[in-house]
Amino acid sequence: MRTLHKTLIAAALAAALFVPLWDYDADASAPKKPDAPPAIVGVAAAVSTELAPRRWASGSVISRQDARVASEQSGRVVRVAEVGQHVSAGEPLAVLDDAVLRLREQEGQAELARIQAQLDQATRQEQRYAQLAAQQNIARAQYEQLRADRDVLTQDRARSQALLAQTRHQRAQMTVRAPFSGVVAERQTQLGEYVASGAAVARLVDTSAQEVRVRAPVDLARYLVVGMPVLVRVDGRERTHPISAFVPVGDEASRQFELRIAMDARELPVGTAVEVGMPSAAPRVTVAVQRDAVILRREGSFVLRVGADNKAERLPVRTGTEVGDLVEISGEVRPGDRLIVRGGERVEPGQAVTVQEAASRVALR
């Protein structure tokens, strides 16, 4: 019995010694896993630049020339421009019936002709009386009375001429003309209606003279000046435009003031809603990277820096102000560091990378 017990113990010890040796031999004979091939990435350098935090406000595109053109005279409408019609400066927007003024003009012309005939006769008579008065053949008082009558007729002619000119001006105003070139955006009257003096006939909008109107908080006023470029964002696209007008008067209720932003001719339709990004603090020098260089994860944000050995290094960062495609960051990144902006999602820290030129990075988007 004792001999059997010893035999079992010896067998167990032999098995315990044999298993580790077998595992070691198996690991040693297994093929090694090959290293991952270098990842193809695009890079961009970190830069040192001036950035300022921005505050966005809603605005809209307006025309610098947007008028409801009114008639100076009253009358029945016989013609009016169509909605959407483009008219040049001086062209008719509406035409009123001028029959009454046309008859009044004819009456004024006849009255002027009558006075002119009387004045011509009085002038000839005054010349004859002047010769008689010089020869003392008539009384001096009679000659002076004739001269006074001639002067009265001269004034009557001037008055008649003024009345005729007034009638002609009123008749010319029966055609309401465009004060500037633009598009008829709205009809204020229709054919056959009676328009009173001072009533609008059409809304005219110059679509080639555009600007953005935006209201901003008064606390931004100290950072804004005329000519300063600001960002205008429409449908996710951003462009830089200068401030054309600055009204440093805040509304007491809303605590906001008005800004006007110059726009290119016909860049956007009038009435388009836009967002305007304005600086809310003084600019400061900081390190900035392209937006695509920052990788966002639940555990935090980081960038991948490509070292001199073309291997990726993960650096945690904190983001700040964003201006265009640049993002302010704070961390161990220095200006000039090459950061991965394309293909970084597949790169692990320490992995070798192959950097493509800018012309080839388009394929990595």
Side-chain angles (χ1 to χ4, degrees), residues 20-56 229-241 275 277-365:
L21 292 175
W22 182 84
D23 288 340
Y24 176 80
D25 293 340
D27 292 343
S29 61
K32 292 185 178 180
K33 184 177 180 180
D35 295 335
I40 301 176
V41 297
V43 299
V47 296
S48 177
T49 184
E50 279 193 351
L51 293 180
R54 296 187 180 274
R55 189 179 301 182
W56 293 89
V230 294
L231 288 179
V232 177
R233 182 165 62 194
V234 183
D235 296 331
R237 296 173 299 158
E238 296 180 357
R239 292 192 61 182
T240 301
H241 295 279
E275 291 183 294
M278 297 161 287
S280 59
R284 61 181 182 276
V285 178
T286 183
V287 177
V289 301
Q290 288 192 13
R291 189 192 308 269
D292 294 337
V294 181
I295 301 176
L296 305 178
R297 292 291 184 266
R298 182 175 301 178
E299 61 273 14
S301 303
F302 62 88
V303 297
L304 293 173
R305 180 171 61 187
V306 177
D309 55 355
N310 283 340
K311 290 187 177 181
E313 177 186 5
R314 177 181 294 187
L315 299 176
V317 295
R318 294 188 302 274
T319 60
T321 302
E322 298 185 16
V323 178
D325 290 335
L326 294 180
V327 181
E328 175 190 4
I329 62 170
S330 57
E332 298 181 9
V333 179
R334 298 292 179 266
D337 287 349
R338 295 187 301 166
L339 305 179
I340 297 177
V341 295
R342 297 290 185 272
E345 297 80 4
R346 304 182 301 272
V347 176
E348 296 294 333
Q351 182 178 351
V353 297
T354 299
V355 178
Q356 286 192 341
E357 298 298 330
S360 304
R361 291 206 297 267
V362 178
L364 299 175
R365 291 183 180 270

To the nearest 0.5 Å, how far apart are [atom1] in [X] and [atom2] in [Y]?
X: Leu231; Y: Met278; atom1: CG; atom2: CE; result: 10.5 Å
X: Arg314; Y: Glu348; atom1: CZ; atom2: CD; result: 6.5 Å
X: Asp235; Y: Glu238; atom1: CG; atom2: CD; result: 12.0 Å
X: Thr354; Y: Ile40; atom1: OG1; atom2: CD1; result: 6.0 Å

4.5 Å side-chain heavy-atom contact, [X] and [Y]:
X: Val306; Y: Ile340; result: yes
X: Leu304; Y: Leu339; result: no
X: Pro38; Y: Val353; result: no
X: Ser301; Y: Ile295; result: no

request  = Just do the side-chain contact (heavy atoms from CB on, under 4.5 Å) check on Val287 and Val47 with the steps written out, would you?
outcome  = CA-CA 6 Å; Val287 177; Val47 296; over 6 Å; no

Any idea which heavy atoms bring [X] and [Y] closest together, and the distance?
X: Gly277; Y: Val230; value: O-CB, 3.5 Å
X: Phe302; Y: Arg297; value: CE2-CG, 3.5 Å
X: Arg338; Y: Gly307; value: NH2-O, 3.1 Å
X: Val303; Y: Val294; value: CG1-CA, 4.1 Å
X: Asp292; Y: Val341; value: CB-O, 3.5 Å

inquiry  = For residues 302-313, which residue pairs pass the salt bridge (Lys or Arg N to Asp or Glu O under 4.0 Å) check, not counting sequence neighbours?
reply    =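 As it turns out, the salt bridge (Lys or Arg N to Asp or Glu O under 4.0 Å) pairs with a partner in residues 302-313, which skip direct neighbours, are Arg305-Glu313, Arg305-Asp337.
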
Does [X] have any side chain to side chain contact (heavy atoms under 4.5 Å, CB included) partners at least two apart in sequence or in another chain, and if so, which?
X: Glu332; value: Leu315
X: Ser280; value: Pro53, Arg55, Leu220
X: Pro229; value: Thr240
X: Arg291; value: Glu322, Val327

